[in-house]
Number of protein chains: 4
Amino acid sequence: MIRLREERKSKWNSLMKEGLHQAVVKVLTEQGLSGLTMERVAKEAGIAKGTLYLYFQDKEELLQSAVQSSMEPLEQELDKILDSELSPNQKLEAIVQQSLSYFEANRNFFRVFLNPEFTGPRMNREGKDRHRRLVASVAQVFKEGVERGHFRPLPDLKAAGVFVMGCAAMIQARLWEETPPPLAEDAQLFLDIFFQGVAEEGAKR
Amino acid sequence: MIRLREERKSKWNSLMKEGLHQAVVKVLTEQGLSGLTMERVAKEAGIAKGTLYLYFQDKEELLQSAVQSSMEPLEQELDKILDSELSPNQKLEAIVQQSLSYFEANRNFFRVFLNPEFTGPRMNREGKDRHRRLVASVAQVFKEGVERGHFRPLPDLKAAGVFVMGCAAMIQARLWEETPPPLAEDAQLFLDIFFQGVAEEGAKR
Amino acid sequence: MIRLREERKSKWNSLMKEGLHQAVVKVLTEQGLSGLTMERVAKEAGIAKGTLYLYFQDKEELLQSAVQSSMEPLEQELDKILDSELSPNQKLEAIVQQSLSYFEANRNFFRVFLNPEFTGPRMNREGKDRHRRLVASVAQVFKEGVERGHFRPLPDLKAAGVFVMGCAAMIQARLWEETPPPLAEDAQLFLDIFFQGVAEEGAKR
Amino acid sequence: MIRLREERKSKWNSLMKEGLHQAVVKVLTEQGLSGLTMERVAKEAGIAKGTLYLYFQDKEELLQSAVQSSMEPLEQELDKILDSELSPNQKLEAIVQQSLSYFEANRNFFRVFLNPEFTGPRMNREGKDRHRRLVASVAQVFKEGVERGHFRPLPDLKAAGVFVMGCAAMIQARLWEETPPPLAEDAQLFLDIFFQGVAEEGAKR
DNA sequence: CATGAATGAGGATTCATTCAT
DNA sequence: TATGAATGAATCCTCATTCAT
């Protein structure tokens with residue numbers, strides 16, 4: 001009995017939080033970070049200001065939570081790819097495609113979200129951690145690729161860094177563009193450059 | 001007579017603005033974007049709060065102006081490189097080095113500055129324009145390189161985009177790192193990957 | 001039948017209120033007046049916030065009631081003393097001892113409670129009444145003492161006032177002290193001074 | 001030149017603060033501690049809310065300052081008495097009179113101010129310190145009186161405590177009374193009791 | 001030109017109280 | 001009866017901007 005009620009409560013709580021995350025994203029998207037006020041989030045969510053504080057300790061936690069929940073799906077996708085049986089090349093390919101398409105789907109939000117000083121030091125740490133984790137994972141993939149003879153023996157962490165950064169840069173560029181080209185195209189181009197380089201065969205040193 | 005006075009006035013005005021820009025950068029660097037108040041800028045510059053409004057319409061304009069003036073030296077350097085007699089390869093090399101070292105020298109400031117929603121829509125437009133101009137310039141270099149047989153015939157704007165973005169990503173990564181490796185190393189690594197790709201010779205498709 | 005149910009209901013009601021009073025005292029003691037929230041009282045009592053409103057109209061009434069109920073035991077003790085067959089001196093002695101020990105036992109609570117503006121005008125009236133009643137009672141004792149030749153013929157209400165106030169002051173002093181001396185000692189000292197005065201025999205005018 | 005301006009500024013500042021203290025006292029008197037809001041103080045003083053923060057860091061400092069400034073005149077009077085050439089008896093007499101008349105003149109304010117948990121721990125410490133200092137001073141007077149043979153050899157700190165407390169109690173009683181008797185009368189009565197005690201000559205043990 | 005005191009809109013947060021379940 | 005989620009008025013404090021000197 002009690003068990004059931006607890007469960008329902010918890011479910012409701014999750015739903016509520018999810019709704020609030022969306023409200024945050026909406027406000028963030030429409031008004032920017034500096035336009036993100038508790039008042040507006042509440043109004044957007046159709047609840048009272050005070051109610052926000054039933055679900056989140058304060059503004060920071062609300063923001064934290066919204067961002068975290070926004071990144072989760074992508075992170076799970078990437079984890080799935082990293083744990084899969086694909087070859088290193090295929091993994092990197094899949095990562096690029098997933099990332100680009102995910103960010104593409106959330107253009108406006110991430111335009112704001114990809115902001116280093118988003119919400120003070122705590123957030124920064126979180127953000128950095130996320131980035132580091134991803135780079136480390138990709139480095140693993142790269143190392144494997146080197147061992148299998150797919151990649152040149154470049155420093156794996158560095159190469160992974162360039163990969164992740166390049167990919168992020170591509171995403172950011174797409175966010176800046178008003179009418180970006182088809183996603184797959186950019187993905188392919190980036191992979192081509194990352195794998196083959198831009199230099200002409202004969203011109204290679 | 002009047003002419004002279006006008007001129008002196010204008011010069012004084014410029015000097016003043018320059019000083020205020022520096023004050024903005026200092027405050028921004030030390031206190032972050034959310035710590036940037038007119039009060040602090042004024043105190044840092046050693047003038048009164050009200051005086052700021054004699055030189056700038058409002059906070060936004062002050063910030064705009066400061067950022068613009070912070071980017072100028074780099075942009076001039078890059079223009080010099082682009083207009084030089086260097087080979088395309090050398091130009092790209094120089095661009096990477098200049099950019100990295102410039103941002104490196106202003107780490108803390110740009111950590112804040114590289115913030116998309118920095119100061120509302122006006123800034124965004126400015127930022128986008130800057131980026132486009134740079135990409136266009138690099139595209140020119142790339143096109144020349146293709147014509148001279150240095151680079152593979154890839155779409156020049158796209159390749160330039162990847163180049164600029166990758167470079168920017170590298171910069172951002174360095175901004176995130178607490179103790180980044182020697183600058184030249186990262187520059188070289190990036191160029192190597194951009195030129196040669198990561199794929200092993202034999203593995204190339 | 002109905003009568004019985006009514007009675008049981010009333011008893012339950014009383015018990016509940018008693019528990020809530022204790023919760024109020026606990027919270028007040030631990031968190032101070034400004035830390036007294038309905039939420040905390042409810043949690044302390046192990047009930048829901050809304051339930052408080054089934055027993056008390058609002059926060060003020062709850063507080064009133066708790067304070068009133070906290071003072072009752074002492075007042076009954078004092079009434080017993082006043083109605084007893086003790087001599088005036090002994091009565092005063094007993095009053096001092098009872099008061100000191102009672103407040104001593106509830107140090108922390110009364111540290112908060114001895115606050116004139118505790119809860120608005122209603123409380124003040126209550127408090128004043130309490131004080132007046134006590135002074136009047138003591139005045140009776142004093143008058144009796146004068147009649148019996150124990151005390152000098154001073155204005156009884158005034159002397160009673162000094163007595164009560166001095167006693168209250170002693171209590172307050174003890175509340176302020178972090179490690180007050182043994183209770184009996186202060187009680188004795190106060191009575192000594194009140195009865196004999198501080199002046200040296202020979203120096204008396 | 002600059003010196004003069006500085007001076008005038010400082011003077012203005014003091015005047016302003018003084019005015020704000022008065023506003024605090026007024027609001028406190030009329031609305032009680034819980035009715036003391038920055039908004040009301042500002043309105044009472046005829047300035048904007050924000051202006052308060054030009055003179056005081058926050059609410060606590062404002063309150064602190066108002067209280068301190070309200071106590072200062074009395075404290076100076078008492079210091080003067082303590083440092084004078086009067087005999088111990090006369091000093092105590094003077095203290096009682098000064099205190100009673102001072103508090104009498106500020107009845108309403110002190111009705112609120114004599115509140116132990118006035119504004120959190122900092123205030124408490126201040127309040128306690130004030131009380132301790134006064135008790136210590138009076139103890140000195142008392143000790144001197146004992147040495148000169150005016151007073152019985154009672155523990156000086158304790159006796160001083162009773163004196164101060166009794167006096168404070170008298171004050172508080174007067175604050176509670178709606179139409180207190182002439183001040184001098186109460187002062188004399190208190191001194192009489194404190195010096196001679198209430199016991200009848202013959203009844204003394 | 002320069003000043004800096006004054007302003008007041010705006011934002012985060014708390015908490016007594018209500019009411020649907 | 002009991003609950004506790006929801007409310008929103010109230011409060012403290014910040015800071016861009018103005019304006020009298």
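Within every chain, numbering begins at 1; the chains are lettered A, B, ... in the order of the sequence lines, protein sequences first and strands thereafter.
- Residue A:Trp12 places no side-chain N or O under 4.0 Å from the OP1 or OP2 atom of E:dT21.
- Note on B:Leu62: nothing from the nucleic acid sits closer than 4.0 angstrom, heavy atoms only.
- For D:Leu63 and F:dC12, the CG to P distance is 11 Å, given to the nearest whole Å.
- Checking D:Met38 against B:Arg40, the closest nucleotide of DNA chain F that is more toward the 5' end is the one next to D:Met38.
- In this structure, D:Glu39 atom CD and F:dA9 atom P are separated by 15 Å, rounded to whole Å.
- Here the C1' atom of nucleotide F:dA2 and the CG atom of C:Asn13 are 14 Å apart, to the nearest Å.
- When each of D:Thr37 and B:Thr37 is assigned the nucleotide of DNA chain F bearing its nearest heavy atom, the one mapping closer to the 5' terminus is D:Thr37.
- Between the CG atom in C:Leu20 and the CD1 atom in C:Ile47 there is a gap of 5.0 Å [rounded to 0.5 Å].
- Residues A:Val41 and A:Lys59 fail the side-chain proximity criterion, which asks for heavy atoms closer than 4.5 Å.
- Taking a pair as Watson-Crick or G-U wobble with both distances under 3.5 Å, DNA chain F forms stems of 3 or more consecutive pairs at E:2-21 with F:2-21.
- Atom pair D:Lys9:NZ and E:dA6:P shows a separation of 11 Å (rounding to whole Å applied).
- Shown here is D:Glu72, whose CD atom has more than 12 heavy atoms of other residues, nucleotides or ligands within 6.0 Å.
- Atoms CD (D:Glu60) and C1' (F:dT11) sit 16 Å apart, rounded to a whole Å.
- In this structure, A:Gln31 atom CD and E:dG11 atom P are separated by 10 Å, rounded to whole Å.
- Residues from residues 42-57 of chain D with heavy atoms under 4.0 angstrom of DNA chain E, sorted by number: D:Ile47, D:Ala48, D:Lys49, D:Gly50, D:Thr51, D:Leu54, D:Tyr55.
- Among the candidates B:His21, B:Gln22, B:Gln64, the single residue satisfying the side-chain hydrogen bond (donor to acceptor under 3.5 Å, both in side chains) test with B:Ser69 is B:His21.
- The closest side-chain heavy-atom distance from C:Thr37 to C:Gln31 is not below 4.5 Å.
- D:Lys43 is not listed as a side-chain neighbour of D:Val27, based on a closest heavy-atom distance of 4.5 Å or more.
- Expressed to the nearest 0.5 Å, how far CG of C:Leu62 lies from OH of C:Tyr55 amounts to 13.0 Å.
- Take the nearest nucleotide of DNA chain E for D:Met16 and for A:Lys59: the residue whose nucleotide is more 5' is D:Met16.
- The distance between atom CG of C:Leu36 and atom P of E:dC15, rounded to the nearest whole Å, is 10 Å.
- Put simply, the side chain of A:Thr51 reaches to within 4.5 Å of the side chain of A:Leu54, judged on heavy atoms.
- Taking atom P on both F:dT21 and E:dC1, the two are 23 Å apart, rounded to the nearest angstrom.
- Rounding to the nearest 0.5 Å gives a distance of 11.0 Å between CG of C:Leu52 and CG of C:Asp58.
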